[in-house]
Each structure stands twice: as structure tokens, then as C-alpha cells.
Amino acid sequence: MLNFKTIKKTIVIAEGCDNHFGKLANAKRIAKKAKLAKADVVKFQHHLPDEEMLKKVPKSSNFDLTLYDFLKKYSLKIEDHSKLLKYCKSINIDYLCTPFSYKAAEQLNDIGVKWFKMGSGEFLDTPFIEKLIKFNKPIIFSTGMSTVKEINFIYNFLKRKKFKKFAFMNCTSEYPPLLKDINLGFINKMIKQYPIATIGHSDHTNDIYTSIGAAVHGAKIIEKHVYLEGLNNGPDRHVSINFRQMTDLVKAIRDIELASGTQKKINFKEKIIRKWAHRSVVSIKNIKKGNKFDYSNIWSKRPGTGIPSYKI
């Protein structure tokens, strides 16, 4: 489990969601590929459909089945999650899971999960949150479909409960979102407005660019849906990336981190270039004794090993 308060690098979460289609072998493949892509965390979802929804929930706009019917058919069982948790430990990648009901959270807690992720749909579900925080384990909250007033409400709710182990994810719950609706600049406002929380970004685009932008804006957690080649035909197909893209995303974020220092100095490799790239004062014609120096007989040229040109 990664400690929010000691984050030294951006946490990259590969969200496997239900792109395993109910097969533990597929879920393990997702975990393995996430590890090979150098993601820090692989995340799944634990659904008990009858605990989290009524049967007559409006059909998802991007899939043939109703969400209830899809989850009934393709959700992993808690026994699968237990095996998956052990498998993730064996390959040294952190396992994270979203419980979509309190009973699902209880089951995950019983198998030894170390932290939880809450989806945007549960962000305002204070009865659920109040019981979940009693496990005293870190929680990542997505803030999609929420107003600033509602985010303030949950932030203050958690403060009143004296719960400090949480993160807020900037999130747009569109699948996929319009770019103008993502508002990466809000990440900076969240960092200032919610000092107790670690701030991240949950991304529902089907490329890597906004996630990279979120890291530039200071997001310390990036969550990105992933799929296995040949299996991108579920309800999350329009918001998922493949593992080649995930590898590129992790590399881009790590490169950004290396490039994000705050010092300005002449670096070692620059000193070598500085000697030939700077200009020195040179003569551009023969100068006789007694002639005055002016721009007709002196000028600046490389290398920078003589009188610096700014002293002309």
C-alpha cells in the first residue's frame, strides 16, 4: 500500500475495471501487463449487483446490456479477488479495488485489502462513507458529477470525522469526455483548497495526453482504464487504453518528474557547451596603434573563451 503522505512520485494506477469479463485468468493478465508497463498499482472493481443497485437501472448509453445484467454476468467473486490480491503481491504490484456497496467493502476488508477506491457515483453517499472510514484505511475518492460545493461538503465531512487518509481525484464522468469538460486547471485549485487531501486525476479519455497534462498540473495520482488486446468490447471500451499506451504514459510521467526541478544553474553538461557557444570580443579588421575601438573593427564571435562580449 502506498502512503499518501509520503508520496515522492506520481502514483500511476492501471484500472482493470471489469475488462476481465469475469475471468480470473484475464484479471491476472491485466495485473501482469500493468507490472510490465511499470504502473504502480492495478485496480479492479468488486460488484455485488443486488447490493448496489435496483434491477431497473437505465441502460448504459455505450453498451448493449443493462449495467445490472452485465455485472451479474461478468463480475469477479470475492474468492477471485482474494486470489488476485495474492497474485499481485507475488509479482510486486499494489492491488486496489473499488467496492460498490458496503457489503462489498466488508468482503474486501476481510481478505486483507489495504486501501479503497470510491467511484464518483458514491462520492456523496455519506452513510456508505461513514461506515467505510471506520476501517481506518486510506480511501481515494473520485469527484466526477460533483459541484465545488459538494466537494467542499465531503471534505468538511471527512474533517469532522477526523479522517485524514484520503485523496480527491479530479474527474469528469463522461465516457469518453469532451476535452473542454476535463478542466485540468482545477487540479491546482484543489491542491490549494483541500490541503489535507492528496490530489489526483481519474482520466476517462482513450489516449494518454490529458493524464500527462494532469501530472504537469501537480496530480500525484493518475488513474487510467486499461484493456487486453482483443477484449476491448465492454462498457468501458471507449475510455480505455492498451498497455503499449500505458507504458508510454508511465514513461512520460517519470520523464516529467525528472524534468520538474525548481533550480536555475549552469549544469555540468552546459559548461562544456558554454565554452564554444558563448561569444568573445574579436577584431574583424587590422587595428593600428592609436585607432579607436568601435563596431567597425571589433565585434563578437564564438568561442566564449576570451573577453565576454557583454564587456565590449
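Side-chain rings of Y175 and H204 approach one another, their centers coming within less than 6.0 Å.
Atom CZ of R302 is surrounded by more than 12 heavy atoms from other residues, nucleotides or ligands within 6.0 Å. More than 12 heavy atoms of other shown residues, nucleotides or ligands fall within 6.0 angstrom of atom CD1 in I256. Remark: L54 CG is loosely packed, at most 12 non-hydrogen atoms of other residues, nucleotides or ligands lying under 6.0 Å away. At most 12 heavy atoms of other shown residues, nucleotides or ligands fall within 6.0 angstrom of atom CG in N286. Taking a 6.0 Å sphere around CG of D110, one finds it holds more than 12 heavy atoms contributed by other residues, nucleotides or ligands.
Just one residue in the list F168, F128, F166 forms a ring-ring contact (aromatic ring centres under 6.0 Å, His included) with F123, and that residue is F168. Of the listed residues (I78, T98, I111), just one forms a side-chain contact (heavy atoms from CB on, under 4.5 Å) with H46, and that residue is I78.
F100 contributes atom CZ, which lies 8.0 Å from atom CG of L71 (distance to the nearest 0.5 angstrom). Distance check, rounded to the nearest 0.5 Å: OH of Y95 to NZ of K114 gives 13.0 Å. The NZ atom of K161 sits 9.0 Å away from atom OG1 of T126, with the distance rounded to the nearest 0.5 Å. One distance of note links OG1 of T10 with CG of D40; it measures 9.0 Å at 0.5 Å rounding. Note: L158 CG to E130 CD = 10.5 Å, rounded to the nearest 0.5 Å. Here the straight-line distance linking atom CG of L24 with atom NZ of K83 works out to 6.5 Å at 0.5 Å rounding.
Between F135 and Y102, the ring-plane angle classifies as parallel under the 30° and 60° cut-offs.
With hydrogens and angles left out, the side-chain atoms of T210 and D203 include a donor and acceptor closer than 3.5 Å.
When all heavy atoms of R244 and E229 are compared, the pair lying nearest together is NH1-OE2, 3.2 Å.
Looking at S146, its side chain does come within 3.5 Å of a backbone N or O of G144 through a donor-acceptor pair.
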